[in-house]
Q: 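Can you read through this structure? Questions will come right after.
Note that the structure is predicted; figures quoted are calculated from it, not measured. Proteins come first, then strands; the chains are lettered A, B, ... in the order of their sequence lines, and each starts at number 1.
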Amino acid sequence: SWASRGEAGAAVSGKLEPEAEPWSLQQPVDGGHSSSLLPPLFKVLWGRRGGAPGLQPDSRALHYMKKLYKTYTTKEGIPKSTRSHLYNTVRLFTASSLHKHSAGGQVTGAFPPADLLFDLGRVAAVEHLLKSVLLYAVDTAAALTSAAACACSLVLTGPGTPSQAPPGAALSAPCSSQLALGKNPRWLEIDVTPLLQPLLAASQRSVQVSVNVTCPRAPGQPLPGLPLRVPPSLILYLNDTSAQAPRGRWSFPSKSSAQARAPDSAGQQPAAGGRARQPRR
Amino acid sequence: GRESPGRTAQRPRGAAPPSLGAYLSRLLSPHGECQLHDFRLSFRQLRWDRWIVAPQRYNPRFCQGACPRAVRHRYGSPLHTLVQNIICEKLDASVPRPSCVPAAYAPLSVLTIEPDASIAYKEYDNMIATRCTCR
């Protein structure tokens with residue numbers, strides 16, 4: 001049962017009430033204060049110290065990330081060993097500000113041309129970008145079909161106007177779309193990796209995205225389908241190269257096999273078929 | 001006194017036969033010896049559930065138990081462990097006996113809400129003990 005001795009013990013001990021402070025477990029014994037000693041998970045929690053929960057993410061974005069979590073992990077939250085991707089970190093950002101351009105009577109714009117500002121300050125230097133997408137939530141299958149026929153153009157720049165940005169920071173390209181995870185809501189992804197890569201490589205942590213989506217007018221319809229009314233999120237698929245991040249593939253042994261298998265003489269790696277190779281006495 | 005497969009013939013009618021896994025477990029890990037134990041916790045207990053969206057529960061497991069005098073091969077202990085045992089018994093009792101500690105770990109994926117309301121999926125290494133050893 002879930003109420004094992006461990007959980008029950010933690011619950012009745014009272015030591016964790018009212019709130020456990022993981023940073024207190026990491027303090028140097030001399031009383032010094034050094035958050036640099038904290039592993040990444042505790043650094044995340046360190047940033048919350050004594051504070052309110054703070055901003056809450058968009059519910060659709062949270063839904064998407066929960067779905068992604070279920071796809072990537074086992075029931076116990078362990079990364080699936082059968083995964084094919086190389087990234088060990090995925091970050092989803094919502095636009096911190098939005099400035100809509102005047103539509104100007106443009107009837108083909110599915111989503112009014114907008115400048116989206118993404119603050120990517122949470123991306124650490126050890127997190128290397130492998131892929132990035134703009135993610136639109138689409139409510140209905142019909143809208144998704146309509147959205148799939150849309151074309152879009154993108155401009156990604158660093159902070160400031162394109163004229164103030166360093167040469168080469170402003171990029172534009174036609175975007176291709178693909179359907180992605182989930183059924184309700186459905187998702188439309190636009191790959192922006194080639195545009196974002198040079199900005200992140202140049203340590204730009206604030207990125208302005210100008211996106212213009214145009215959709216074909218359906219026959220007999222006075223206006224084109226408008227499937228993309230909500231501003232998109234920006235998702236970064238990253239490879240964290242720090243020591244705390246797992247490397248390569250691994251397998252999670254069952255409890256019984258964990259006891260039965262013996263490491264090799266160095267005690268580092270389990271001996272393949274270890275017991276079978278031991279001489280019997 | 002250990003149960004052997006031959007004893008299954010003597011068990012009462014209707015009783016479930018002992019599983020091979022349970023039999024092997026008892027054979028390989030005598031009671032009280034160094035082995036993995038579960039410790040299931042909920043992030044709600046720590047009040048971390050405001051930031052950690054998933055998993056809601058976590059079993060880091062831990063190693064506990066006595067290290068046998070003659071450390072068996074299944075623990076994969078280095079020769080140093082045997083020497084330390086001899087020192088403790090024969091020369092100086094203040095030298096501690098070898099300890100039962102994790103020998104291998106598995107990672108854990110964590111979904112967190114960051115202070116800026118962004119959402120992060122990260123995999124952290126060495127979050128779950130998967131094997132114990134005597135060192």
Side-chain angles (χ1 to χ4, degrees), chain A residues 2 4 6-7 10-11 16 18-20 39-41 44-45 47-48 51 53-57 61-62 65-66 68-69 72-73 76-79 88-94 96 119 121-122 240 243-247 250 252-253 255-256 258-267 270 275 278, chain B residues 21-22 24-25 28-29 35-42 45-48 50-59 61-62 72-79 81 103-104 106-133 135:
Chain A
W2 185 253
S4 66
E7 186 172 22
L16 297 175
E19 182 169 8
L41 178 59
V44 170
L45 297 167
R48 326 277 183 167
L55 300 170
Q56 289 297 307
L62 191 57
M65 290 299 280
K66 284 182 178 177
L68 179 142
Y69 184 89
Y72 288 177
T73 65
E76 294 78 27
I78 299 163
N88 51 29
T89 301
V90 182
R91 292 188 178 277
L92 184 147
F93 297 92
T94 49
S96 58
D119 179 3
R122 303 294 302 179
D240 185 341
Q244 288 80 17
R247 288 179 178 75
W250 54 274
F252 186 75
K255 190 173 181 179
S256 55
Q259 294 300 323
R261 284 193 305 178
D264 62 10
S265 58
R275 294 184 65 234
Q278 300 310 310
Chain B
L24 286 174
S25 178
L28 294 169
S29 300
Q35 62 180 311
L36 270 178
H37 297 269
D38 286 329
F39 189 98
R40 296 184 175 91
L41 64 91
S42 158
Q45 288 177 271
L46 300 170
R47 295 194 182 182
W48 293 357
R50 285 178 293 179
W51 311 298
I52 298 180
V53 178
Q56 294 178 339
R57 292 167 178 174
Y58 167 41
N59 184 0
R61 308 167 92 174
F62 65 95
R72 300 176 187 182
H73 176 78
R74 67 188 162 86
Y75 288 114
S77 300
L79 201 53
T81 305
L108 181 75
S109 297
V110 180
L111 191 65
T112 56
I113 297 174
E114 304 280 71
D116 62 353
S118 65
I119 308 168
Y121 165 92
K122 282 197 80 82
E123 296 171 2
Y124 293 97
D125 215 0
N126 303 331
M127 291 287 284
I128 301 169
T130 59
R131 200 170 64 233
C132 299
T133 187
R135 291 283 172 106

Q: With respect to chain A, which residue among B:Ser118, B:Ser109, B:Ala120 yields the maximal number of heavy-atom pairs within a distance under 4.5 Å?
A: B:Ser109

Q: If you compare all heavy atoms of B:Leu108 against all heavy atoms of A:Gly77, which two are closest, and at what distance to 0.1 Å?
A: CD1-O, 3.4 Å

Q: To the nearest 0.5 Å, how far apart are OG1 in A:Thr94 and CG in B:Asp116?
A: 7.5 Å

Q: Which residues pass the side-chain hydrogen bond (donor to acceptor under 3.5 Å, both in side chains) test with A:Tyr72, not counting sequence neighbours?
A: A:Tyr87

Q: When only pairs under 4.5 Å are counted, which of A:Leu62, A:Thr73, A:Val90 shares the most heavy-atom pairs with chain B?
A: A:Val90

Q: Name all residues meeting the side chain to side chain contact (heavy atoms under 4.5 Å, CB included) criterion together with A:Glu76; count only those two or more places apart in sequence or in a different chain, and write none if there are none.
A: A:Thr74, A:Ile78

Q: So, for A:Thr89 and B:Lys122, which heavy atoms are closest and what is the spacing to 0.1 Å?
A: OG1-NZ, 3.1 Å

Q: Are any non-hydrogen side-chain atoms of B:Pro115 and A:Arg122 less than 4.5 angstrom apart?
A: yes

Q: Can you confirm whether A:Tyr69 sits close enough to B:Val53 that some side-chain heavy atom of one is under 4.5 Å from a side-chain heavy atom of the other?
A: no

